[in-house]
Protein chains: 2
Amino acid sequence: MTNKPATIKEIAKKLGVSTSTVSRGLHDHPSIGLTTRMRIKKVAEELNYTPNQTAIFLQKGKTFTIGVILPELSEAFFSAAISGIEDTANKKNYHVLMAQSHDNAEKEKHLVEKMKSHRVDGLIVSVSKETSSFDHFTNLRKHNIPVVFFDRIPSLDNVHYVACNMETGTIEAVTYLLKKGHRAIAMINGPSTLLASNERKEGYIKAHTKNRLKYDPSLIASCNLTEEGTIKAMDELLANKRKPTAIVAFNDYVSLYAIRYARRLNLTINKDIEFVSYANLPLINFMDHVPTASVEQHPYLQGQKATDILLDLLNNPDNAQQAFYKVIIESQLIENNKTIGSI
Amino acid sequence: MTNKPATIKEIAKKLGVSTSTVSRGLHDHPSIGLTTRMRIKKVAEELNYTPNQTAIFLQKGKTFTIGVILPELSEAFFSAAISGIEDTANKKNYHVLMAQSHDNAEKEKHLVEKMKSHRVDGLIVSVSKETSSFDHFTNLRKHNIPVVFFDRIPSLDNVHYVACNMETGTIEAVTYLLKKGHRAIAMINGPSTLLASNERKEGYIKAHTKNRLKYDPSLIASCNLTEEGTIKAMDELLANKRKPTAIVAFNDYVSLYAIRYARRLNLTINKDIEFVSYANLPLINFMDHVPTASVEQHPYLQGQKATDILLDLLNNPDNAQQAFYKVIIESQLIENNKTIGSI
DNA sequence: ACTGAGAAGTCAAACGTTTGCGTTGGTTTA
DNA sequence: TAAACCAACGCAAACGTTTGACTTCTCAGT
């Protein structure tokens with residue numbers, strides 16, 4: 001008997017009223033008398049009634065669900081981001097349908113289809129590394145499904161996005177090192193295909209010119225973000241005529257690879273060479289030899305903002321087609337306060 | 001025109017057939033002629049038809065969606081687990097509706113309600129630390145919503161779960177230390193309310209008796225898993241008449257807190273005192289002073305298994321009420337191969 | 001030429017809600 | 001006292017699919 005969930009019909013029958021009355025009663029519609037309203041709610045309680053959302057979805061043509069497609073949940077950055085998404089979505093009674101592309105363009109395409117057929121109200125996406133065509137996203141506009149991108153933004157005009165400006169953080173980082181007296185500051189950058197790499201480079205250059213120092217291109221090395229790539233880049237930089245005394249690394253991992261390698265070369269961290277990096281991973285707190293500072297990219301905040309934007313788009317559909325949200329979160333240099341220090 | 005998604009009705013009208021024909025045609029029902037079937041599919045393609053899942057849900061009384069409630073996504077363990085859940089669910093064309101309890105019992109209750117009204121077909125749960133009453137879960141049985149727990153299992157009979165057996169891993173860990181010559185092996189355990197704590201304790205004891213050593217209760221300290229708690233436990237253990245030369249810590253974090261504290265006390269890691277721990281977090285690879293081994297709990301695998309079980313339960317509803325899946329994954333000691341070592 | 005059997009479709013109900021529009025009675029207004 | 005009004009509720013359509021039951025047509029078998 002408690003087998004199938006109770007419906008509005010049953011509670012209507014039990015009270016000898018119509019289903020419409022029950023529906024309105026449950027929603028406190030003014031045209032339903034107070035007494036019947038109470039009786040309805042009482043029976044609903046007794047029968048343990050919970051509205052069947054799928055029916056409501058069908059009827060309203062909305063699902064109150066937002067789809068999230070991101071590359072890889074196990075990356076700390078993304079799990080923090082989805083945490084932000086989830087929290088703010090839930091606050092507004094929206095649900096989150098999540099899926100990972102595993103950085104596979106084909107899979108990403110499929111996921112978009114799935115989300116579409118699931119009739120998500122909107123989509124939040126951080127695109128896969130390998131995605132080169134964005135048709136599956138632009139097509140969504142025809143279906144009136146707004147999309148908000150975060151962090152990994154497609155090179156498209158007319159999209160909503162929130163991203164972190166790496167330039168300012170980089171300027172901070174380089175300036176921080178300059179103030180500490182470093183003059184030969186190198187950078188291990190990421191692949192030049194990434195927007196984020198360019199921002200870093202720009203920041204690096206601007207920080208130098210701002211401080212009336214000339215920018216030395218040979219102090220910037222690119223790498224593919226793997227450990228081997230990092231080592232290559234290190235070799236390249238250390239072989240330079242101007243041997244760097246500080247290095248800005250693309251992210252905390254690259255930085256840790258580099259530090260590990262530097263120590264293998266018997267360089268003393270923070271004496272022979274100092275590191276600054278990006279991401280500000282929590283693991284930093286447990287380590288002895290770490291970058292002295294790290295540029296925080298606020299993944300949780302990015303998730304929050306992206307959700308805010310999407311929800312706004314959903315509630316004011318007119319906004320979606322004309323103006324485009326381009327929210328830039330300023331990255332921020334954070335010094336690592338090492339409780340132990342390098343003993 | 002491409003505004004609202006195309007429906008089965010429109011394609012029926014366009015072809016001058018009935019909606020049922022279209023529906024059947026799209027599903028390759030034998031009673032629809034090959035030619036019309038083709039025409040149907042062609043028009044569907046043209047109109048860019050994607051079935052409205054919410055309508056299907058309503059009609060079938062199933063949502064092909066599984067709900068996942070877990071404490072905290074930002075914990076590496078859980079993000080790995082949900083990765084496993086998501087991947088296997090997607091493989092079978094199920095969707096994942098995710099939510100975090102943030103270790104808050106009240107919130108967890110709410111989430112269950114939400115999942116219910118969303119008519120998820122089933123639930124995968126890792127219970128919050130603070131949950132003491134499990135009614136909101138047991139009630140689900142009345143609604144025929146199967147639940148599979150993983151990792152954090154409620155102390156209930158008649159539930160499906162997959163968990164990692166900490167006992168074997170602990171035995172391995174202690175034996176590992178014994179073989180290395182340690183005789184005073186301590187343990188920093190978690191709260192005794194956790195099943196996982198008991199398993200660790202059992203393993204600890206069994207490892208000793210197996211090796212014909214007597215078990216010394218004063219070498220086991222409990223802590224609340226915070227840094228302060230860990231320090232307290234360390235103080236307690238180090239003050240013992242038999243000063244431990246090795247410590248098995250509840251998880252990698254506790255272990256890192258303990259190591260940090262030990263170093264502050266000028267103890268040399270791996271000489272004065274050695275650590276072994278649980279979780280096998282990736283960050284271990286980057287650190288100098290780490291537990292020499294760690295018990296892997298296979299979060300991804302747990303997620304996979306839990307999903308497999310749930311899907312089986314969904315497709316064979318009779319299974320759900322009688323037999324209860326109790327899948328135990330053996331934990332496994334993994335030595336940390338430090339590429340640097342403690343210089 | 002008649003029956004029976006597929007083949008190929010159609011009809012309509014059902015899933016659980018919501019909502020515009022009607023329908024009641026009863027009370028106020030002029 | 002009739003016209004007007006309002007509170008309180010019922011009717012039925014609609015959302016997009018699926019599916020059991022029914023219809024029509026064609027053709028083979030006798």
Side-chain angles (χ1 to χ4, degrees), chain A residues 2-41 43-44 47-65 93 116-121 143-144, chain B residues 3-41 43-44 47-65 93 116-121 143-145:
Chain A
T2 39
N3 215 344
K4 284 291 153 209
T7 78
I8 243 180
K9 249 185 226 169
E10 296 174 31
I11 125 169
K13 194 177 295 173
K14 201 154 215 158
L15 282 167
V17 300
S18 77
T19 61
S20 26
T21 304
V22 176
S23 172
R24 291 197 238 262
L26 290 172
H27 288 85
D28 288 317
H29 193 283
S31 89
I32 303 297
L34 183 60
T35 48
T36 31
R37 220 186 298 173
M38 298 303 252
R39 286 169 57 219
I40 289 173
K41 292 196 179 174
V43 176
L47 292 187
N48 225 300
Y49 170 77
T50 40
N52 184 331
Q53 296 288 11
T54 63
I56 299 177
F57 295 166
L58 177 57
Q59 148 67 33
K60 296 214 166 182
K62 275 193 71 174
T63 60
F64 296 96
T65 301
N93 276 307
K116 238 165 59 185
S117 78
H118 231 277
R119 296 293 189 268
V120 294
D121 292 341
H143 297 275
N144 261 335
Chain B
N3 215 345
K4 285 291 154 208
T7 77
I8 243 179
K9 247 183 226 171
E10 297 173 31
I11 122 169
K13 192 176 297 174
K14 201 154 214 156
L15 282 167
V17 300
S18 76
T19 62
S20 26
T21 304
V22 176
S23 172
R24 290 193 163 94
L26 290 173
H27 289 85
D28 288 318
H29 192 284
S31 89
I32 302 299
L34 183 60
T35 48
T36 33
R37 219 186 300 172
M38 298 305 251
R39 285 169 57 218
I40 288 173
K41 293 198 178 173
V43 176
L47 292 189
N48 224 299
Y49 169 77
T50 41
N52 184 332
Q53 296 288 9
T54 64
I56 298 177
F57 295 165
L58 177 58
Q59 148 68 30
K60 296 214 167 182
K62 275 193 71 173
T63 61
F64 296 95
T65 301
N93 276 306
K116 239 165 60 184
S117 80
H118 232 277
R119 297 291 189 271
V120 293
D121 292 340
H143 297 274
N144 262 333
I145 302 181

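Note on naming: letters A, B, ... go to the chains in the order of the sequence lines (proteins, then strands), and numbering restarts at 1 for each one.
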ask   = To the nearest Å, how far apart are A/His29 NE2 and D/dA8 C1'?
value = 11 Å
request  = Please indicate whether B/Lys62 has more than 12 foreign heavy atoms, meaning atoms of other residues, nucleotides or ligands, lying under 6.0 Å from its NZ.
outcome  = yes
message = To check you understand the geometry: which heavy-atom pair defines the closest contact between A/Gly25 and A/Ile32, and what is its length?
response = N-CG1, 3.9 Å
ask   = In residues 14-27 of chain A, which residues come under 4.0 Å of DNA chain D by heavy atom?
value = A/Gly16, A/Val17, A/Ser18, A/Ser20, A/Thr21, A/Arg24
key: Terminal axes of the helix from C/dA1-D/dT30 to C/dA30-D/dT1 (five pairs each): angle between them, nearest 10 degrees   = 60°
ask   = Can you find a pair of side-chain heavy atoms, one from A/Val22 and one from A/Val43, that are under 4.5 Å apart?
value = no
message = I'd like to know if the side chain of B/Arg24 reaches the main chain of B/His29, judged simply by a donor and an acceptor atom lying under 3.5 Å from each other, with no hydrogens or angles considered.
response = no
ask   = side-chain contact (heavy atoms from CB on, under 4.5 Å) between B/His143 and A/Thr50: does it pass, once the steps are laid out?
value = CA-CA 11 Å; B/His143 297 274; A/Thr50 40; 5.5 Å; no
key: Option passing side chain to side chain contact (heavy atoms under 4.5 Å, CB included) with B/Ile8 (candidates B/Ser18, B/Ser23, B/Ser20)   = B/Ser23
note = What one should report as the nearest heavy-atom pair of A/Ala44 and A/Leu26 is CB-CD2, 4.0 Å
inquiry  = What is the distance, to the nearest angstrom, from the NZ atom on B/Lys62 to the P atom on D/dT19?
reply    = 12 Å
request  = Answer with base, sugar-phosphate or nothing: what part of the nucleic acid does B/Gly61 contact at a heavy-atom distance below 4.0 Å?
outcome  = nothing
note = Across all chains, not counting sequence neighbours, the ring pair (Phe, Tyr, Trp, His ring centres under 6.0 Å) partners of B/Phe64 are B/Tyr94
key: Heavy-atom closest contact (B/Thr63 atom, B/Val120 atom, distance)   = OG1-CA, 3.6 Å
ask   = At under 4.0 Å between heavy atoms, what does A/Thr36 touch on the DNA or RNA strands: base, sugar-phosphate, or nothing?
value = sugar-phosphate
request  = Tell me what A/Ile56 touches on the nucleic acid: a base, only sugar-phosphate, or nothing, going by heavy atoms under 4.0 Å.
outcome  = sugar-phosphate
task = Round to a whole Å and report the spacing from CD of A/Gln59 to P of D/dA12.
result = 18 Å
task = Would you please name every residue forming a side chain to side chain contact (heavy atoms under 4.5 Å, CB included) with B/Asn93, sequence neighbours left out?
result = A/Lys114
query = For B/Arg119 and B/Leu34, take the nucleotide of DNA chain C holding the closest heavy atom to each; which residue's nucleotide lies nearer the 5' end?
reply = B/Leu34
task = Anything under 4.0 Å to a heavy atom of chain B counts; send over the first and last such nucleotide of DNA chain C, read 5' to 3'.
result = C/dA8 to C/dG16
inquiry  = Going by salt bridge (charged side-chain N to carboxylate O under 4.0 Å, His left out), name the residues that satisfy it together with B/Arg39, two or more places apart in sequence or in a different chain.
reply    = none
